[in-house]
Enquirer: 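Below is one structure. I have some questions about it.
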Amino acid sequence: QVPLVESGGGLVQPGGSLRLSCTASGFFTDDFAIGWFRRAPGKKREGVACVASSPNRDDSPVYLDSVKGRFTVSRDDAKNTVYLQMNSLKPEDTAVYYCAADQMLAGCSLLGSLYDYWGQGTQVTVSS
């Protein structure tokens with residue numbers, strides 16, 4: 001089991017910002033592609049953003065169309081942490097957000113079934 005812990009969720013007003021963190025212990029994040037996913041009540045899980053492992057750093061991050069220009073994924077391998085900066089949040093962004101890791105991906109993917117390791121999730125609520 002590869003421990004991943006998400007943090008940074010909370011309640012924010014529409015138009016606000018949050019930064020989620022995904023921190024790993026027991027392995028080095030730079031060897032893994034990291035994906036961010038979310039599941040809203042009554043909806044299927046969807047991939048939000050992903051970033052390739054550091055050896056593939058020339059690969060651009062991938063974003064769900066509805067978050068392009070608002071969300072940014074980045075990695076700080078010195079801290080074994082990957083971030084999801086979320087700006088201009090909308091009520092429809094409300095969901096439990098999960099990070100996931102996989103060592104075998106070339107590049108990254110928004111397809112959750114390709115990831116082997118998952119965190120427990122952090123709740124993001126966008127509401128006035």
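Basis for what follows: all heavy atoms, side chains included, without hydrogens, waters or symmetry-related copies.
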Enquirer: Spell out, as yes or no, whether a donor-acceptor pair under 3.5 Å connects the side chain of Tyr63 to the backbone of Val73.
Expert: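 Looks like yes, one N/O pair under 3.5 Å.
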Enquirer: Short question: side chain of Ser88, backbone of Gly15 - any donor-acceptor pair under 3.5 Å?
Expert: no
Enquirer: Under the criterion side chain to side chain contact (heavy atoms under 4.5 Å, CB included), I'd like the reasoning laid out for Val48 against Tyr97: C-alpha separation, chi angles, the key distance, then a yes or no.
Expert: CA-CA 9 Å; Val48 174; Tyr97 284 71; 4.3 Å; yes
Enquirer: How far does CD1 of Ile34 sit from OH of Tyr117, to the nearest 0.5 angstrom?
Expert: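 If we round to the nearest 0.5 Å, Ile34:CD1 and Tyr117:OH are 11.5 Å apart.
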Enquirer: Would you say Tyr115 and Cys50 make side-chain contact, with heavy atoms under 4.5 Å?
Expert: yes
Enquirer: For the ring pair Phe37 and Trp118, is the centre-to-centre distance below 6.0 Å?
Expert: yes
Enquirer: Between Ser17 and Asn87, is there a side-chain donor-acceptor contact under 3.5 Å, judged purely by atom types and distance?
Expert: yes
Enquirer: Any chance you could lay out the side chain to side chain contact (heavy atoms under 4.5 Å, CB included) test for Asp77 and Phe28, step after step, and finish with the verdict?
Expert: CA-CA 7 Å; Asp77 292 329; Phe28 295 106; over 6 Å; no
Enquirer: Just by distance, do the side chain of Glu6 and the backbone of Thr122 share a donor-acceptor pair under 3.5 Å?
Expert: no
Enquirer: Using distance alone, with no hydrogens and no angle criterion, decide if Thr81 and Thr23 have a side-chain donor and acceptor under 3.5 Å apart.
Expert: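 Checked: Thr81/Thr23 side chains pair up, N/O donor to acceptor below 3.5 Å.
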Enquirer: Please walk me through it: do Ser21 and Tyr83 pass side chain to side chain contact (heavy atoms under 4.5 Å, CB included)?
Expert: CA-CA 5 Å; Ser21 300; Tyr83 302 100; 3.3 Å; yes
Enquirer: Kindly compute the distance separating NZ (Lys79) from OG1 (Thr29), expressed to the nearest 0.5 Å.
Expert: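 Result: 12.0 Å between the selected atoms.
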Enquirer: Considering only heavy atoms from C-beta outward, does the side chain of Thr125 approach that of Val12 to under 4.5 Å?
Expert: no
Enquirer: For a quick test of reading the model, state the closest non-hydrogen atom pair linking Ser66 to Arg38 and the distance between them.
Expert: OG-NH2, 3.8 Å
Enquirer: Identify the heavy atoms of Pro3 and Ser25 that sit nearest to each other, and give their distance.
Expert: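 Taking every non-hydrogen atom into account, CD-O, 3.1 Å.
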Enquirer: State the OG-CG distance between Ser53 and Asp31, to the nearest 0.5 angstrom.
Expert: 7.0 Å
Enquirer: Between Arg39 and Lys44, is there a donor-acceptor pair closer than 3.5 Å when you use the side chain of the first and the backbone of the second?
Expert: no
Enquirer: Pair up each side-chain donor or acceptor in residues 100-112 with any protein partner under 3.5 Å, not counting sequence neighbours, and list the distances.
Expert:
{"from": "Asp102", "atom 1": "OD1", "to": "Asp116", "atom 2": "N", "distance (Å)": "3.4"}
{"from": "Asp102", "atom 1": "OD2", "to": "Met104", "atom 2": "N", "distance (Å)": "2.8"}
{"from": "Asp102", "atom 1": "OD2", "to": "Leu105", "atom 2": "N", "distance (Å)": "3.2"}
{"from": "Ser109", "atom 1": "OG", "to": "Leu111", "atom 2": "N", "distance (Å)": "2.9"}

Enquirer: Leu20 and Trp36: which non-hydrogen atoms are nearest, and at how many Å?
Expert: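 Distance-wise, the nearest heavy atoms are CB-CH2, 3.6 Å.
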Enquirer: Could you go step by step and tell me if Val124 and Met86 meet the side chain to side chain contact (heavy atoms under 4.5 Å, CB included) rule?
Expert: CA-CA 10 Å; Val124 171; Met86 305 186 297; 3.9 Å; yes
Enquirer: Just wondering, more than 12 heavy atoms not from Gln123 lying within 6.0 Å of its CD?
Expert: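 Counting other residues, nucleotides and ligands, CD of Gln123 exceeds 12 neighbours.
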Enquirer: If you take all heavy atoms of Pro14 and Ser127, which pair is closest and at what distance?
Expert: CD-C, 3.6 Å
Enquirer: Could you go step by step and tell me if Lys90 and Asp93 meet the salt bridge (charged side-chain N to carboxylate O under 4.0 Å, His left out) rule?
Expert: CA-CA 5 Å; Lys90 304 175 181 180; Asp93 295 318; over 6 Å; no
Enquirer: Within the side chain of Arg75, is there an N or O that forms a donor-acceptor pair under 3.5 Å with the backbone of Ala52?
Expert: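 Checked: pair present.
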